[in-house]
Amino acid sequence: MAEIDHIAIQEKWQKRWNDAKLFKAVLDKSKPKFYCLEMFPYPSGSGLHMGHAFNYTIGDVYSRFKRMNGFNVLYPMGYDSFGLPAENAAIKAKSHPRKFTEEAIQNFIKQQKALGLSYDWDRMLMTHSEEYYKWNQSIFIKLFENDMVYKKKASVNWCQKCDTVLANEQVHDGCCWRHPEDEIQIRQLEQWFIKTTKYAEELLTDLEKIDWPKRIKIMQENWISKSFGTEIEFEIEENTNFVLLHGYNGSVKKDFFPYLKTELEKRGKKVSAKDLPNTSDPNVAEQVEFVLKNNHFDENTVLVGHSLGTIISLKVLEKIQKPIKKLVLAGGFLTPDFKDNKKRDFTDKFDFKFDFEKIKRNVNEIVILSDKNDYVIPLEQGHKLKEKINGDLIETTAKIPHFKAEHEPDVLNACLKKWKIFTTRPDTIYGVTFMVISAQHQKLMSLVTKEQKNEVEEFLKKIKSTSEKDTEELEKEGAFTGSYATNPLTGDKVPIYAGNFVVADYGSGMVMAVPAHDQRDYEFAKKYSIPIKVVINPNDNKIDKNNLLKAYIEDGYVINSREFSGLNNELAKDKVTEYLESKNLGKKTVQYKLRDWLISRQRYWGTPIPMIYCGKCGIVAAKIDDLPIKLPEDIIFGEGNPILSSKHFLKTRCPKCNSDARRETDTMDTFFDSSWYYLRYTDAKNQNEMFDREQVDYWLPVDQYIGGAEHACMHLVYARFFTKALRDLGYLSFDEPFLKLFNQGMLHGYDGFVMSKSRGNVVLPETISEKYGIDTARFFLLSIASPDKDIEWSDKGIEGSYRFIKSVFSYFESVKIGVSQKRTVSKLNRTIKEMTIDIEEFKYNLAIIKLRMLFESLKSEESKDSLEKFLMLLHPICPHITEELWESIGNKTFLTTTPWPKCDESKIDDREEFMEQIEMTVKSDINTVLSLAKITEPKKITIIISQEWKYSFLSRLKEKIDETRDFRELMMHVLLDETLKKHAQNIQKIIPNVLKDPKKIPPVMLDQHSEKKTLEQIKDVLKNEFKTEIEIVVAEESTHAKAQASMPSKPAIVIE
RNA sequence: GCGGGUGUGCCGGAGCGGUCAAACGGGCUAGGUUGAGGGCCUAGUAGCUUAGUGCUUGCGCGGGUUCGAGUCCUGUCACCCGCACCA
């Protein structure tokens, strides 16, 4: 047989496909569309190896299959080309990441094209191109404008190797996902976040809508992790003194001041409330001076201003030297235009310019109260204030507006320190004996008293030095903060500890600790000798309340809990919550583990975040018209963020007021780029828009997404979030981007490890392609196992596949085109039917097995139709050689564009195929006997068959059932039948079931009425084969000696 | 600890509750073909048995459901993956 010139065949067909633009996807509403997408690769410098080939082959087979099935297929490829490796390589080589990236991409494209992948290359995109990242910036601004982006100081994850912060999703096991050996550090930094949490609920519930592998769904579910519970407000005891400032024309003897003063004093607070001078004709300077002179301001001071008092208090804060504890603004305003648009006569007397930066510096905490019903000061003023001084805004609805009501619990609450905690066990609230705040909490220090400062700081130092990684074995540790909280139901004061086992950004970062009923709290309480109070009793009463050995976390009934005592604890959860709600002390709530997405990165090779810092206007988004904000080229790689080294990038003008301003220098997490690339493919060349709506509406959502499972909680969450956010911004009209997801396995090298350049166990497609042809490699990779499993490369294995490919070739060289036998046609149609399902379900390995079996049964003469259908079936897997063979049997068209064969059920003939099976068995048996007896020229062959041969008794029973459905008559038949007789007892039990549902009996070979008849039919074949006389005899039960012990299951053969 | 998955020959892997478990591939052994090797072809590859068309065992282990279980249920063990102090 002539050698196959694989390279020539591959190049020939790749060129022809390309010239004919067979894979170009065009919007065509007359056809059903199919969007098949692979996760686009990061173009690493080391190029493609067999592992990549495996991944892409999975999608290519699917796309080709779908195309042949009449779908208008979109199958694109692009490159996730921003990212750290290129930047690091550039630093090493003192070059530019662009150079590395673009070379790598060119290399990728060349290699991918050589694999014969049927991509529509016209849609190729690269995320590092300005044309692409311009839209990243545009989306970012849209999100910002819609309150989906914010900047905040937080405890963030820092990877030293990456030299940047990371999102929560990108930290695995306390380490960076790219550097599993490198522990991340916690740093307090101000960073950009995207409000993914806004969609937490939808991200969770919509998992139902999509057909994804179960484990991926579960991983996302765990990641979002919803839990139901109760939010309860605990008041924090503080050593505070209050200064109250009243409003215009007011007095501290009026309105809510007397109430507030009494309530505060009731709680042991010092309250200084002195009437401001000249309140009907105020003078700011005079009043400020008065306040400063008559009151003492220190770190324990809470300044409360009402109405006009808010202005005075802001002015006071501009003047003082040391920061105070807290500022409460009850009905504050910033500009003199009021709700009814009437200027008050006093407003001219005020200077409405504030030094907000200084104010912020001089106070640790700001609370702004705004009254929705206020006719004096509208809500917008509250919001404006909030924006300027970055305080917490509380919207209230008082019975009488403008905080004049006698009783103003909201103002009192704002003055006091309250902490809402989240618990899933409100039923144990009577067992709270202490509180624990996270050691990483931003506001921890505000709870620490002077006396405890040293101890807490010691503790913080200690836990910083312990490893993040093995938190599980970490002993629960903490330090007393010096502060106390009041249990809202019992009124008990309990100590607040800082603890290492509380997560800062889940719930409120503080927990109520019930040592009797929570293991962690229990361990902590034991260590620090904190009392343990049992409030849940097991139903069997088996609990030693004085000597708990561990926390009792099971269900039971409530004790020691006043009116709730005696309730089942599940019921108590509801009752306690209801009670708290009625007292305005808490409410039912849900919590998610999902955090907002931290997207700032302090690195160069990414999309610049399009924000601008203006001294006057604050943080401002760049103008859409100014996009793209290009990455500067005049940069020096070295210490820190390279963008800072650019001379002109930093300086800009404020888009609002045109004064000098500074650009944001952080770039975006590259997961931002990959969160919407599947949309861009639909219209990848569009210069004016992110994409054309009609294109996206036609192609999306992605019908089949293919990629690795490592992105379960990263890319796949972000992309789902993006889809929902863009939908709500009006860009999309669907909820989920990827309807179906397939996780491919990984290819391992000879050494059993995942194939990778760095491990040095790669097999290159080029090498294999030259020797065996890329089709052989595809065939082999897909035949090993189901493509969702990890597989191992084997040189021997590909030899086996090559044998098949070669024999297909040589078969086509010698086959006579004529007529196909009935049984071949039957087998062909069966294969079509089964393979169609197998490929549809990604069971490529099974499809290949069936194809091999079909090939085995092909005869030296077959019809052109049969041969063509065989090629069609093989085509998605081995596209090049099948095209070649397709041409060789006289076709001028492309096999690629030929419709997938349809199964003709009527041609499937179980009996015909079964006969073949018998024929083969009998032939093989005869051959065995011949060789054992060393007979070369048999004179006569006698085949002795038993009654039972090839019968299951059920099949026989089915025959009888077809004759009669009467139980008694049936049993008569059974007893008269040699075969069934033995099973009579069983049959007696089965019959009722079978009569109910005859399907219980498998349909297989039911029509094998008589083995004799069957064998008679193949007698001629055997005669021909062995060139001798054939006799078929049915054995008498009694004469068949061996059969008496047990019935033979195969025919006996006697040769003379 | 929690959640998910997987356990079938020498290996990768098939096996709708019912044909004859181990298809198909790889490996290995023997024979044939060939100057040798390779390639190709044929047969064998759980145990017992002189041999068989015979017998026994057999789908991680133990129970159960069923006339019938590799397949369904349950418990258990082992391995793999994911999450991990989330109150």
Side-chain angles (χ1 to χ4, degrees), chain A residues 1 172-174 213-219 221-223 225-227 229 421-425 428 436 471-474 476 499-503 505-514 518-521 523-524 591-595 709-710 712-713 780 783-786 789-792 794 796-801 803-804 806-807 810 843 845-846 848-853 856 914 917 921 924-925 927-929 931-932 944 946 949-955 983 985-994 1000-1006 1008 1040 1042-1043 1045-1046 1048-1053:
Chain A
M1 186 191 68
H172 297 163
D173 271 339
K214 199 173 163 187
R215 67 188 189 113
I216 302 289
K217 285 196 188 184
I218 286 169
M219 279 163 79
E221 238 172 73
N222 291 342
W223 188 256
S225 186
K226 181 182 188 178
S227 51
I421 59 97
F422 174 74
T423 181
T424 54
R425 296 295 304 271
T428 62
V436 189
T471 45
E472 77 191 276
E473 293 109 38
L474 210 61
K476 292 172 185 41
N500 63 347
F501 65 97
V502 177
V503 178
D505 49 2
Y506 182 76
S508 62
M510 197 194 287
V511 296
M512 64 177 217
V514 186
D518 182 282
Q519 192 53 31
R520 295 153 299 181
D521 300 347
E523 285 166 30
F524 195 87
Q591 273 292 330
Y592 301 91
K593 236 159 78 180
L594 183 78
R595 311 291 148 83
E710 68 273 18
C713 293
F780 169 60
S783 68
I784 302 172
S786 172
K789 293 200 176 145
D790 286 358
I791 57 171
E792 204 164 296
S794 140
K796 295 271 189 185
I798 194 163
E799 289 280 354
S801 296
R803 275 198 284 277
F804 176 77
K806 276 196 295 189
S807 53
S810 59
K843 293 175 184 163
N845 56 329
L846 302 188
I848 286 177
I849 287 164
K850 281 157 195 165
L851 201 61
R852 273 181 182 271
M853 297 206 286
E856 277 308 305
F914 185 63
Q917 222 178 315
T921 314
S924 132
D925 284 347
N927 274 323
T928 306
V929 176
S931 78
L932 277 169
I944 305 168
S946 78
W949 184 54
K950 285 293 168 194
Y951 264 78
S952 79
F953 74 93
L954 278 170
S955 307
H983 301 280
Q985 254 194 339
N986 260 358
I987 288 171
Q988 210 169 346
K989 293 185 206 158
I990 295 174
I991 289 174
N993 288 333
V994 173
K1000 279 224 152 195
I1001 295 178
V1004 192
M1005 308 319 148
L1006 289 180
Q1008 300 312 303
H1040 205 290
K1042 302 275 182 186
S1046 72
S1049 62
K1050 284 185 178 179
I1053 308 226

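Note that the structure is a prediction, hence the values are computed from the model and not measured. Throughout, protein chains are lettered first and strands after them, A, B, ... in sequence-line order, and every chain is numbered starting at 1.
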TODO: Only counting residues at least two apart or in another chain, list the ones meeting side chain to side chain donor-acceptor pair (under 3.5 Å) with A:K226.
DONE: A:E201
Task: Nearest-Å distance once atom P is located in both B:G75 and B:U29 - done: 47 Å
Task: Pairwise C1' distance for B:U76 and B:G7, with rounding to whole Å - done: 13 Å
Task: Spacing between A:E710 atom CD and B:C80 atom P, to the nearest angstrom - done: 20 Å
Task: Between B:G4 (P) and A:N222 (CG): distance, integer Å - done: 9 Å
TODO: Could you check whether A:L846 gets within reach of a base, just the sugar-phosphate, or nothing at all, counting any heavy atom under 4.0 Å?
DONE: sugar-phosphate
TODO: Determine the Euclidean distance between corresponding P atoms of B:C24 and B:U42; express it in Å to zero decimal places.
DONE: 13 Å
- [ ] For A:V514, report the nucleic acid contact type (base, sugar-phosphate, nothing); a contact means any heavy atom under 4.0 Å.
- [x] nothing
- [ ] Please list, chain by chain and in numerical order, all residues satisfying side-chain contact (heavy atoms from CB on, under 4.5 Å) with A:I216, sequence neighbours excluded.
- [x] A:W212, A:P213, A:A709, A:A712, A:L716, A:L741, A:N743
Open item on the list: With a 3.5 Å cut-off and heavy atoms only, can you find an N or O donor on one side and an acceptor on the other between the side chain of A:R215 and the base of B:C83?
Closed with: no
- [ ] Round to the nearest Å and state the distance from A:M512 atom CE to B:A87 atom C1'.
- [x] 8 Å
Task: Pairwise P distance, B:G4 and B:U74 [rounded to whole Å] - done: 12 Å
Task: Nearest-angstrom distance from the residue atom NZ of A:K217 to C1' of B:G82 - done: 17 Å
Task: Side chains of A:R425 and A:D518 in contact at under 4.5 Å (non-hydrogen atoms) - done: no
Please write out each protein N/O paired with an N/O of nucleotides 5-9 of chain B under 3.5 Å, distance rounded to 0.1 Å.
residue: B:G5; atom: OP1; partner: A:K214; partner atom: NZ; Å: 3.0

Task: Phosphate contact (B:C86 OP1 or OP2) by A:Y592 side-chain N/O below 4.0 Å - done: no
Open item on the list: When the P atoms of B:A69 and B:C61 are compared, how many Å lie between them, rounded to an integer?
Closed with: 16 Å
TODO: Report the residues that fulfil salt bridge (charged side-chain N to carboxylate O under 4.0 Å, His left out) with A:E523, sequence neighbours left out, ordered by chain and then residue number.
DONE: A:K476
Open item on the list: A:F501: which residues meet the ring pair (Phe, Tyr, Trp, His ring centres under 6.0 Å) condition with it, sequence neighbours left out?
Closed with: A:F524
Open item on the list: Measure CG/A:D790 against C1'/B:C79 and give the value in whole Å, please.
Closed with: 14 Å
Atom pairs under 3.5 Å: protein N/O with N/O of nucleotides 24-29 of chain B:
residue: B:G26; atom: OP1; partner: A:R803; partner atom: NE; Å: 3.4
residue: B:G26; atom: OP1; partner: A:R803; partner atom: NH2; Å: 2.6

Task: Contact check, side chains of A:T428 and A:M512, non-hydrogen atoms, under 4.5 Å - done: yes
- [ ] Tell me which nucleotide among B:C85, B:G13, B:C86 gets nearest to the side chain of A:A785.
- [x] B:G13
Task: Which residues share a side-chain contact (heavy atoms from CB on, under 4.5 Å) with A:S794, sequence neighbours left out - done: A:F780, A:K796
- [ ] Fill in the dot-bracket string of RNA chain B, one character per base: . for unpaired, | for a pair to another strand, ( ) or [ ] for pairs within the strand, taking Watson-Crick or G-U pairs under 3.5 Å.
- [x] (((((((..(((.....[.....)))(((((((.....)))))))(((.....)))...(((((..]....))))))))))))....
TODO: Would you please name every residue forming a salt bridge (charged side-chain N to carboxylate O under 4.0 Å, His left out) with A:R852, sequence neighbours left out?
DONE: none
Open item on the list: side-chain hydrogen bond (donor to acceptor under 3.5 Å, both in side chains) for A:S227 and A:Y506? Distances and angles first, verdict last.
Closed with: CA-CA 11 Å; A:S227 51; A:Y506 182 76; 2.8 Å; yes
- [ ] Using the C1' atom as the reference point in each nucleotide, state the distance between B:G9 and B:G15 in Å, no decimals.
- [x] 14 Å
Open item on the list: Looking at every heavy atom in both A:M510 and A:I421, which two are closest together, and how far apart are they?
Closed with: O-CG2, 3.4 Å
Open item on the list: From CZ of A:R520 over to P of B:C85, roughly how many Å is that when rounded to an integer?
Closed with: 9 Å
Task: Earlier contact from the 5' end, RNA chain B, for A:K843 and A:M219 - done: A:K843
TODO: Just jot down the salt bridge (charged side-chain N to carboxylate O under 4.0 Å, His left out) partners of A:D790, sequence neighbours excluded, or say none.
DONE: none
Open item on the list: Checking contacts here: which listed nucleotide (B:C83, B:A87, B:C85) is nearest the side-chain heavy atoms of A:W223?
Closed with: B:C83
Task: Sequence-distant partners of A:V502, side-chain contact (heavy atoms from CB on, under 4.5 Å), two or more places apart - done: A:V436, A:S438, A:V511
Open item on the list: Please enumerate all residues that pass side-chain contact (heavy atoms from CB on, under 4.5 Å) together with A:I849, with sequence neighbours excluded.
Closed with: A:L846, A:M853
Task: Reported CD1-to-CZ distance for the pair A:I848 and A:F804, which is rounded to 0.5 angstrom - done: 8.5 Å
Task: Rounded interatomic separation in angstrom, taking CZ from A:R595 and C1' from B:C86 - done: 7 Å
Task: Whole-Å distance separating the CG atom of A:N845 from the P atom of B:G13 - done: 9 Å
Task: Separation of the C1' atoms in B:C67 and B:G62, to the nearest angstrom - done: 23 Å
Open item on the list: Syn or anti for B:G9? Use the chi torsion, O4'-C1'-N9-C4 for purines and O4'-C1'-N1-C2 for pyrimidines, with syn inside 90° of 0.
Closed with: syn
Task: 5' precedence on RNA chain B between A:I791 and A:V503 (nearest-nucleotide basis) - done: A:I791
Task: Atom C1', compared across B:U57 and B:G5: separation rounded to whole Å - done: 30 Å
